[in-house]
Amino acid sequence: MTDQCLFCGIVAGTVPSVKVAEDETTYAFMDINPGSDGHLLVVPKRHSKDLMEIPADDLAAVTLAAQRIAKAAVPALGADGVNLLNCCGADAWQTVFHFHLHVIPRYVDKSRDRLGLPWVPTPGDAEAIAATGAKVVAALG
Ligand code: AMP
Ligand code: ZN
């Protein structure tokens with residue numbers, strides 16, 4: 001728990017939220033700026049800043065909770081699919097620095113789905129892709 005952290009406040013109950021699920025390790029609540037109907041966030045109760053910092057057990061618990069909630073929410077809301085999203089770092093769109101997974105139900109019906117990422121897939125250079133892949137493999141050791 002950190003005093004300045006908005007999501008620590010939500011977990012502690014000092015900041016209001018629309019809770020959808022909770023277990024020993026995780027807390028899930030509706031996003032106040034939903035990208036689609038049913039957009040929610042799953043956080044670890046224990047504060048971690050981001051993907052780089054979160055301990056493996058908390059990450060596993062948050063991911064499993066997100067899957068459990070997505071499996072219930074998608075059919076219940078009549079969604080056609082779902083995105084799980086994590087933003088790590090301000091340049092990767094992170095705005096709240098307490099790790100969270102977005103669970104974003106997706107809809108063919110765009111009146112229920114306002115989410116649009118500014119990424120338009122276009123073919124990459126095959127050699128550059130292979131060279132970058134090799135760098136990642138080398139970094140993994
Ligand atoms: P990110 O940009 O990945 O850090 O996502 C932060 C998310 O937190 C955004 O989608 C916000 O809409 C959401 N958010 C911010 N404040 C609150 C709040 N008080 N209750 C629920 N969601 C919030
Ligand atoms: Zn926090």
Side-chain angles (χ1 to χ4, degrees), residues 1-126 128-141:
M1 168 82 183
T2 70
D3 286 345
Q4 276 84 41
C5 175
L6 175 63
F7 289 174
C8 280
I10 285 178
V11 169
T14 55
V15 174
S17 69
V18 177
K19 179 175 117 174
V20 296
E22 179 176 13
D23 61 27
E24 204 181 316
T25 315
T26 70
Y27 186 93
F29 56 100
M30 302 306 290
D31 195 302
I32 48 166
N33 305 301
S36 71
D37 290 0
H39 181 174
L40 61 97
L41 304 171
V42 187
V43 304
K45 288 185 172 174
R46 185 163 46 154
H47 181 88
S48 286
K49 184 177 69 159
D50 60 21
L51 180 68
M52 301 298 157
E53 218 178 62
I54 187 170
D57 54 350
D58 278 355
L59 178 61
V62 168
T63 306
L64 290 171
Q67 185 199 34
R68 189 175 75 81
I69 295 164
K71 284 170 85 168
V74 166
L77 299 176
D80 302 296
V82 61
N83 285 118
L84 296 188
L85 173 71
N86 169 253
C87 304
C88 179
D91 291 324
W93 308 328
Q94 186 173 7
T95 59
V96 177
F97 291 84
H98 177 131
F99 180 89
H100 49 283
L101 265 190
H102 295 257
V103 178
I104 312 172
R106 305 304 309 276
Y107 304 88
V108 174
D109 176 0
K110 291 304 161 200
S111 70
R112 304 187 69 194
D113 190 329
R114 297 155 295 283
L115 189 73
L117 295 177
W119 176 55
V120 180
T122 50
D125 176 78
I129 292 169
T132 307
K135 282 186 194 168
V136 176
V137 171
L140 287 168

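Remember, predicted model here, so these are calculated numbers, not experimental data. First listed ligand is number 1; within each ligand, the first listed atom is number 1.
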Do [X] and [Y] come within less than 4.5 Å of each other through their side chains, counting heavy atoms only?
X	Y	answer
L115	H39	no
F29	L41	yes
V103	L84	yes
D58	F99	no
D50	N86	no

Just jot down the ligand 1 atoms closer than 4.0 angstrom to any heavy atom of [X], in number order.
X	answer
F29	21 (C), 22 (N)
N33	11 (C), 12 (O)
D31	7 (C), 8 (O), 9 (C), 10 (O), 11 (C), 12 (O), 13 (C), 22 (N)
C87	3 (O)
M30	21 (C)

For ligand 1, the portion of [X] having any non-hydrogen atom under 4.0 Å away:
X	value
L6	side chain
F97	neither
V15	neither
L85	neither
F7	side chain

For the student: nearest non-hydrogen atoms of V42 and I69, plus distance: CG2-CD1, 4.0 Å
Heavy-atom pair of closest approach, residues L40 and A28: CD1-CB, 4.4 Å
Which residue supplies the protein heavy atom nearest to [atom], what is that atom called, and how far is it?
atom	result
atom 2 (O) of ligand 1	W93 O, 2.8 Å
atom 4 (O) of ligand 1	T95 N, 2.7 Å
atom 5 (O) of ligand 1	H100 NE2, 3.0 Å
atom 22 (N) of ligand 1	I32 N, 3.3 Å
atom 3 (O) of ligand 1	H102 NE2, 2.8 Å

Polar contact flag for L41 and ligand 1 (N/O pairs, less than 3.5 Å): no
Geometry at the Zn ion (ligand 2) - C8 SG versus C5 SG angle, rounded to 10 degrees: 120°
4.0 Å heavy-atom contact, V18 with ligand 1: no
Enclosure of R68 CZ (heavy-atom neighbours >12, cutoff 6.0 Å): no
Whether over 12 other heavy atoms sit under 6.0 Å from D125 CG: yes
Shortest-distance N/O/S atom, H47 versus the Zn ion (ligand 2): ND1
Minimum-distance N/O/S atom that H98 presents toward the Zn ion (ligand 2): ND1
Ring-ring centroid check H100 H98, cutoff 6.0 Å: no
Ionic contact status for R46 with D57, cut-off 4.0 Å: yes
R106 and its side-chain contact (heavy atoms from CB on, under 4.5 Å) partner, picked from V74, N83, D37: N83
